[in-house]
Amino acid sequence: MKISLIIPAYNEEKYIGACLKSVEKYGQGLFEVIVVNNASTDRTKDIIQQFSFVKIVDEPRKGLSYARDKGLSEANGELVAYVDADCRLSPDWLNIISKEFNENQKIVALSGPVQYYDLSFLQNFFTKILVWIFMPLTYRIVGHTLLGGNFIVKKEIILKIGGFNQNLLFYGDDADLARRVASLGKVKFRMDLFV
């Protein structure tokens with residue numbers, strides 16, 4: 001399936017370069033890469049322009065849901081994948097997505113955890129333990145979990161539910177989206193699908 005990667009970016013000059021370098025390295029096979037410049041006032045857009053494979057889209061209304069919806073309106077893939085601008089793709093990220101959506105037609109959305117590259121060894125160790133305990137537990141209790149910095153949804157499904165909730169401009173939009181798409185199919189969380 002064709003995958004459009006959408007990266008919302010607001011004042012991400014410190015991180016967007018490393019994010020896009022990881023996309024360049026591990027994103028071979030992506031249909032398109034869209035970075036939504038969400039009213040940045042720093043050098044974010046200048047840095048994005050250094051990557052010729054990226055389509056830059058401007059969204060002047062500041063807010064994550066606005067930026068995600070803008071990227072959605074520009075995407076041409078059958079799947080829309082979202083990662084945060086301070087994330088870096090892992091080597092198997094794209095392969096896991098392709099495998100899941102090609103092998104299970106009931107899946108409408110897929111997500112995984114984040115690992116932190118900027119924490120100390122001890123902080124990272126305890127964070128991983130908490131993630132390995134609470135994310136699967138949340139998924140079992142609620143039945144659907146999407147992590148905002150790392151999720152993929154079938155485009156037709158997200159359009160069917162009307163896109164992102166414009167009343168949630170930063171916090172909680174991922175939980176709201178998971179709840180709404182779960183009514184139309186399976187939402188899966190994989191611990192090995194990390195960024």
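Side-chain atoms are counted along with the backbone in the values below, which use heavy atoms only and exclude waters and symmetry mates. All values reported here derive from a predicted model rather than from experimental measurement.
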Check the hydrophobic clustering (I, L, V, M, F, W, Y; side-chain heavy atoms under 4.5 Å; chains of links allowed) and say if [X] and [Y] are grouped together.
| X | Y | result |
| --- | --- | --- |
| L79 | F31 | no |
| F126 | F194 | no |
| L184 | L146 | yes |
| V33 | Y15 | no |
| V83 | Y10 | no |

Enter the distance from [X]:[atom1] to [Y]:[atom2] here, rounded to the nearest 0.5 Å.
| X | Y | atom1 | atom2 | value |
| --- | --- | --- | --- | --- |
| D92 | K99 | CG | NZ | 11.5 Å |
| I97 | L5 | CD1 | CG | 8.0 Å |
| N102 | M1 | CG | CE | 7.0 Å |
| I96 | K188 | CD1 | NZ | 10.0 Å |
| R88 | K21 | CZ | NZ | 9.5 Å |
| T44 | Q49 | OG1 | CD | 11.0 Å |

Between the side chain of [X] and the main-chain N/O of [Y], is any donor-acceptor distance below 3.5 Å?
| X | Y | value |
| --- | --- | --- |
| D84 | D86 | no |
| N150 | G112 | yes |
| S22 | L89 | yes |
| K155 | A75 | yes |
| E13 | R43 | yes |
| Q123 | S120 | yes |
| D69 | G163 | no |
| E74 | K70 | no |
| R180 | I161 | yes |
| S90 | V195 | no |

*Does a donor on one side chain and an acceptor on the other come within less than 3.5 Å for S98 and N95?*
no
_Checking side-chain polar atoms at under 3.5 Å, does S4 have a donor or acceptor matched by the opposite partner on N76?_
no
*With F151, which of V187, L177, L110 fulfils side chain to side chain contact (heavy atoms under 4.5 Å, CB included)?*
L177
Residue pair [X] / [Y], side-chain heavy-atom distance below 4.5 Å:
| X | Y | value |
| --- | --- | --- |
| F101 | E78 | no |
| L20 | V35 | yes |
| V80 | Y82 | yes |
| I48 | I16 | yes |
| L72 | R68 | no |
| I34 | E32 | yes |
| S65 | D173 | yes |
| L64 | Y66 | no |

*Lys/Arg N to Asp/Glu carboxylate O, K14 vs E12, below 4.0 Å*: no
*Does D58 pair with K45 as a salt bridge, N-O distance under 4.0 Å?*
yes
*asked:* With a sphere of 6.0 Å drawn around OH of Y116, does it hold more than 12 non-hydrogen atoms of other residues, nucleotides or ligands?
replied: no
Which heavy-atom pair separates [X] from [Y] by the least distance, and what is that distance?
| X | Y | value |
| --- | --- | --- |
| A109 | I107 | O-CG2, 3.5 Å |
| N104 | K106 | OD1-N, 3.0 Å |
| V36 | E59 | CG1-CB, 3.7 Å |
| G148 | D174 | N-OD2, 2.9 Å |
| A85 | P8 | CB-O, 3.5 Å |

*Show the numbers, then the answer: is there a side chain to side chain contact (heavy atoms under 4.5 Å, CB included) between F164 and I158?*
CA-CA 8 Å; F164 292 87; I158 200 168; 3.5 Å; yes
*Determine the interplanar angle of the F53 and F51 rings, folded into 0 to 90°, and report it as parallel if under 30°, tilted if 30 to 60°, perpendicular if over 60°.*
perpendicular
